[in-house]
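For reference, positions follow the sequence shown, starting with 1.
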Amino acid sequence: MKTKVIITIGGVYSSLGKGIISSSIGRILVEMKQKVSMMKLDPYLNVDPGTLSPYQHGEVFVTHDGAETDLDLGNYERFTNKKMSRMSSITSGRIYSEVIEKERARGYGGKTVQVIPHITNAIKDKIYKIMEVEQPDFLLIEVGGTVGDIESIPFVEALSQFISEYGKQNVLPIFCSPLIYISTSQEIKTKPTQHAFREICSLGVWPELIILRHTENVDDEIIQKISLNCHINKKRIFVSPNLESIYFLPIELYKQGIQKEIFEYFDLKLPNGNINNWENYVKLIKNTKDKVKIAMVGKYIKLHDSYASLEQALKLAAWEQKKQLEINWIEADSLNSKNVDKILKNHDGILIPGGFGDRGFEGKMEAVKYARTKQIPYLGICLGMQIATIEFARNVLNWQDANTTEFDPKTTHPIFDYIDGRMRLGEQACLITDSSSKAIKMYKNKLIYERHRHRYEFNNKYLEEYKNKGFSFTAFSNDQEKTAEIIEIKKHPFFVGVQFHPEFSSWPNNVDPVIYNFISAAIKNK
């Protein structure tokens with residue numbers, strides 16, 4: 001079967017949840033035994049989000065092959081149980097950069113380089129490439145931004161050309177748009193959706209299916225009005241209401257019959273598959289009431305999307321142990337030795353996530369010390385692992401100026417250093433070397449593969465001093481560098497730090513063991 005392409009594009013304003021809608025459609029198709037690939041087109045001019053502040057763009061999600069991408073790729077993976085790759089993330093910046101680089105190398109034979117055809121051709125080439133390499137039954141493409149934004153127009157034009165070339169019968173454009181509720185008159189307004197629909201049509205992409213975003217399901221009169229004004233059969237208009245969990249949306253859309261309209265549009269026979277497995281998972285979420293309370297001590301707490309994958313991984317681990325996750329988001333720079341007990345004492349576990357920069361460093365140190373001395377389950381991820389190691393150096397080994405050279409280049413005890421001048425990115429092998437460690441009990445294999453995103457690494461010349469004080473390094477990179485990957489304090493219910501990012505490889509019914517066991521330890525601590 002020729003790959004069928006589903007394009008999701010949004011109107012009126014951003015943050016409509018297009019990523020969750022696309023992911024939910026992907027989940028439905030996966031449950032119906034279809035091979036699915038996904039792709040995100042982002043209109044910003046950064047080559048990737050790797051240099052963006054999390055407050056600008058949320059989490060930087062790292063793919064297995066080392067691409068720094070949009071956080072929606074994390075949702076794609078969690079919903080479809082499929083690893084995304086660098087082919088799945090395209091930005092305007094990346095497209096322009098590649099086109100200009102080719103032009104500088106005289107790759108266009110002296111021709112004038114223009115948006116049409118050179119930029120649009122480069123975009124289309126990326127779409128054709130992922131289909132050629134992965135050969136999916138369905139390719140789902142999400143277009144970031146909002147219809148009418150000047151920066152997204154090259155993507156829309158490229159998609160218009162692609163639809164014409166690839167065949168309208170093989171491409172299903174889906175338009176996502178909000179219904180606006182006016183509280184003073186207590187009525188729902190459809191006019192913004194109508195105007196945005198006409199805008200996308202004027203740009204050469206005619207949607208064949210509409211998904212409306214609203215706080216709740218809407219009555220048939222609203223559907224009929226949009227059907228009439230947008231010239232879309234009402235059976236192809238669906239509603240994505242606000243739900244208690246993002247994982248409920250595939251069932252909501254399935255019950256509305258979106259799978260029938262998708263297969264009918266492509267003139268395909270509806271498979272015999274269903275979403276019973278997903279429904280059972282949702283029942284697990286709905287039937288879980290008891291809570292486990294985790295303190296998340298971080299630098300970008302004001303925007304929870306900064307830790308999107310980690311939040312979801314913790315939720316998945318809690319649900320699968322019949323608990324609801326309660327996160328207390330704590331600004332690291334608000335913690336000090338005087339208030340740490342008051343703020344942290346009623347938590348079942350403490351977690352410090354990854355990050356860059358020294359803001360909140362001392363507050364994180366206080367959180368680590370509190371978890372270590374009060375025997376509270378602790379998990380440190382990336383920078384959280386480094387801070388746990390430095391705290392031990394200062395307060396147990398008595399190296400008062402111990403630090404990472406990222407924060408103090410002149411420290412006499414450079415516990416972490418910028419060793420080889422590169423950023424470690426993507427999935428890499430780690431070897432668990434301690435057969436009596438928590439690591440081997442958690443992972444049940446000596447060789448594991450985890451995703452990384454860091455520059456500074458443990459200075460191995462200090463290994464023996466730590467070992468003599470009961471601080472263990474239980475896993476190392478499986479290469480000549482032998483970079484420390486997992487640290488533990490064995491005389492503690494659960495005190496573990498990992499240099500990698502286990503949240504990036506945590507999916508429903510397949511949560512990374514270190515996150516699962518951290519939640520398990522927190523539950524026992526209750």
If we ignore hydrogens and angles and just use 3.5 Å, is the side chain of D149 paired with the main-chain N or O of T146 as donor and acceptor?
yes
Test log, rule side chain to side chain contact (heavy atoms under 4.5 Å, CB included), inputs R27 and N81
CA-CA 9 Å; R27 183 75 227 182; N81 286 1; 3.8 Å; yes
Verify the distance criterion only: is there a donor paired with an acceptor across the side chains of N46 and R94 at less than 3.5 Å?
no
Contacts of H57 that satisfy side chain to side chain donor-acceptor pair (under 3.5 Å) - sequence neighbours left out:
D70
With no hydrogens and no angle check, do the side chains of T483 and E457 hold a donor and an acceptor under 3.5 Å apart?
yes
List the atom of F175, the atom of G10, and the distance in Å for their closest heavy-atom pair.
CE1-C, 4.0 Å
Within a reach of under 6.0 Å around CG of N280, are more than 12 heavy atoms found that belong to other residues, nucleotides or ligands?
yes
Working to the nearest 0.5 angstrom, can you tell me the gap between L253 CG and S24 OG?
6.0 Å
So CD1 of I7 and CE of M39: to nearest 0.5 Å the spacing works out to 10.5 Å
Salt bridge (charged side-chain N to carboxylate O under 4.0 Å, His left out) partners of E77, counting only residues at least two apart
R451
Salt bridge or not between D333 and R359? Use side-chain N to carboxylate O under 4.0 Å.
yes
Give, for atom OG of S505 and atom CD1 of I448, the distance between the pair rounded to the nearest 0.5 Å.
9.0 Å
Is atom OH of Y108 surrounded by more than 12 heavy atoms (other residues, nucleotides or ligands) closer than 6.0 Å?
yes
Is it true that K286 and E279 have a side-chain N and a carboxylate O under 4.0 angstrom from each other?
no
List the steps and the verdict of side chain to side chain contact (heavy atoms under 4.5 Å, CB included) for V62 and R453.
CA-CA 7 Å; V62 178; R453 185 177 182 247; 3.6 Å; yes
Residue pair V99 / H118: nearest heavy atoms and the distance that separates them
CG2-O, 4.1 Å
Aromatic contact between F138 and F263, with the criterion being ring centroids under 6.0 Å apart: yes or no?
yes
With rounding to the nearest 0.5 angstrom, report the CG to NZ distance, L179 to K191.
13.5 Å
Kindly indicate whether the side chain of T80, heavy atoms from C-beta on, has any atom under 4.5 Å from the side chain of L140.
no
Would you say R213's side chain and L16's backbone share a donor-acceptor pair under 3.5 angstrom?
yes
If the plane angle is over 60° it's perpendicular, under 30° parallel, otherwise tilted; pick one for Y247 and F79.
parallel
Cationic N near anionic O, under 4.0 Å, E264 to K269
no
Do other residues, nucleotides or ligands put more than 12 heavy atoms under 6.0 Å from the CD1 atom of I150?
no
For a side chain to side chain contact (heavy atoms under 4.5 Å, CB included) check, start with the C-alpha distance between D42 and I90, then their side-chain angles and the critical distance, and finish with the verdict.
CA-CA 6 Å; D42 269 311; I90 309 299; over 6 Å; no
Could you check whether S177 and T193, counting side-chain N and O atoms only, form a donor-acceptor pair closer than 3.5 Å?
yes
Looking only at the side chains, is there a donor atom on one of E320 and Y281 sitting less than 3.5 Å from an acceptor on the other?
yes
With heavy-atom distances below 4.5 Å as the criterion, would you say the side chains of I180 and I188 are in contact?
no
Do the side chains of I200 and P207 get nearer than 4.5 Å, heavy atoms only?
yes
Considering all heavy atoms of both residues, which atom of V147 and which atom of A196 are nearest to each other, and what is their separation?
CG1-O, 4.1 Å
Mark yes when over 12 heavy atoms from residues, nucleotides or ligands other than K168 sit less than 6.0 Å from its NZ; otherwise mark no.
no
Value rounded to 0.5 Å, distance of CZ in F155 from CD1 in I127
9.0 Å
Would you call E134-K35 a salt bridge at under 4.0 Å N-O?
no
Salt bridge E406-R455, side-chain N to carboxylate O under 4.0 Å
no
Would a 4.5 Å heavy-atom cut-off, applied to side chains only, mark I486 and F500 as touching?
yes
Y76-E142 side chain donor-acceptor pair, cut-off 3.5 Å
yes
Determine, step by step, whether I28 and Q34 satisfy the side chain to side chain contact (heavy atoms under 4.5 Å, CB included) criterion, reporting the C-alpha distance in whole Å, the side-chain angles of both residues, the deciding distance to 0.1 Å, and the verdict.
CA-CA 9 Å; I28 292 170; Q34 304 299 300; over 6 Å; no
Can you check whether E326 reaches I294 side chain to side chain, under 4.5 Å on heavy atoms?
no
Could you check whether S477 and E481, counting side-chain N and O atoms only, form a donor-acceptor pair closer than 3.5 Å?
no
We want to know whether R78 and S309 form a side-chain donor-acceptor pair, criterion being a heavy-atom distance below 3.5 angstrom.
yes
Pair Y44-Q56, side chain to side chain donor-acceptor pair (under 3.5 Å): steps then yes or no
CA-CA 11 Å; Y44 51 77; Q56 287 286 311; over 6 Å; no
Can you tell whether the side chains of K83 and E427 come within less than 4.0 Å, N to carboxylate O?
yes
Taking the six-membered ring for Trp, are W329 and H304 parallel (under 30°), tilted (30 to 60°) or perpendicular (over 60°)?
parallel
Grab the two heavy atoms, one from R86 and one from D65, that are nearest each other, plus how far apart they are.
NH2-O, 2.9 Å
Check P43 against L41 and note the closest heavy-atom contact, atom names and distance.
CD-O, 4.0 Å
L139 and M38, any side-chain heavy atoms less than 4.5 Å apart:
no
Is the count of non-hydrogen atoms from other residues, nucleotides or ligands lying under 6.0 Å from N242 atom CG greater than 12?
yes
Close side-chain approach of W278 and Y254, heavy atoms under 4.5 Å:
no
For H452 and E485, does a side-chain donor sit closer than 3.5 Å to a side-chain acceptor?
yes
State whether Y307 and K299 meet the cation-pi test: NZ (Lys) or CZ (Arg) under 6.0 Å from the six-membered ring centroid, and within 45° of the perpendicular axis.
no
Does T69 reach the main-chain N or O of S89 with its side chain, forming a donor-acceptor pair under 3.5 Å?
no
For Y96 and E101, does a side-chain donor sit closer than 3.5 Å to a side-chain acceptor?
no
Can you sort out the partners of K302 under salt bridge (charged side-chain N to carboxylate O under 4.0 Å, His left out), two or more places apart, ordered by chain and number?
none
L351 side chain reached by L314 side chain, heavy atoms, under 4.5 Å
yes
E450-Y443 side chain donor-acceptor pair, cut-off 3.5 Å:
yes
If we ignore hydrogens and angles and just use 3.5 Å, is the side chain of S227 paired with the main-chain N or O of I223 as donor and acceptor?
no
Does the distance from a Lys or Arg side-chain N to an Asp or Glu carboxylate O, for E98 and K102, drop under 4.0 Å?
no
Taking atom types as modelled, is there a side-chain donor on E157 or Q161 under 3.5 Å from an acceptor on the other?
yes
Which heavy atom in W206 sits nearest to a heavy atom in C201, and how many Å separate them?
CE3-SG, 3.5 Å
Just by distance, with hydrogens left out, do T63 and S85 show a side-chain donor and acceptor under 3.5 Å apart?
no
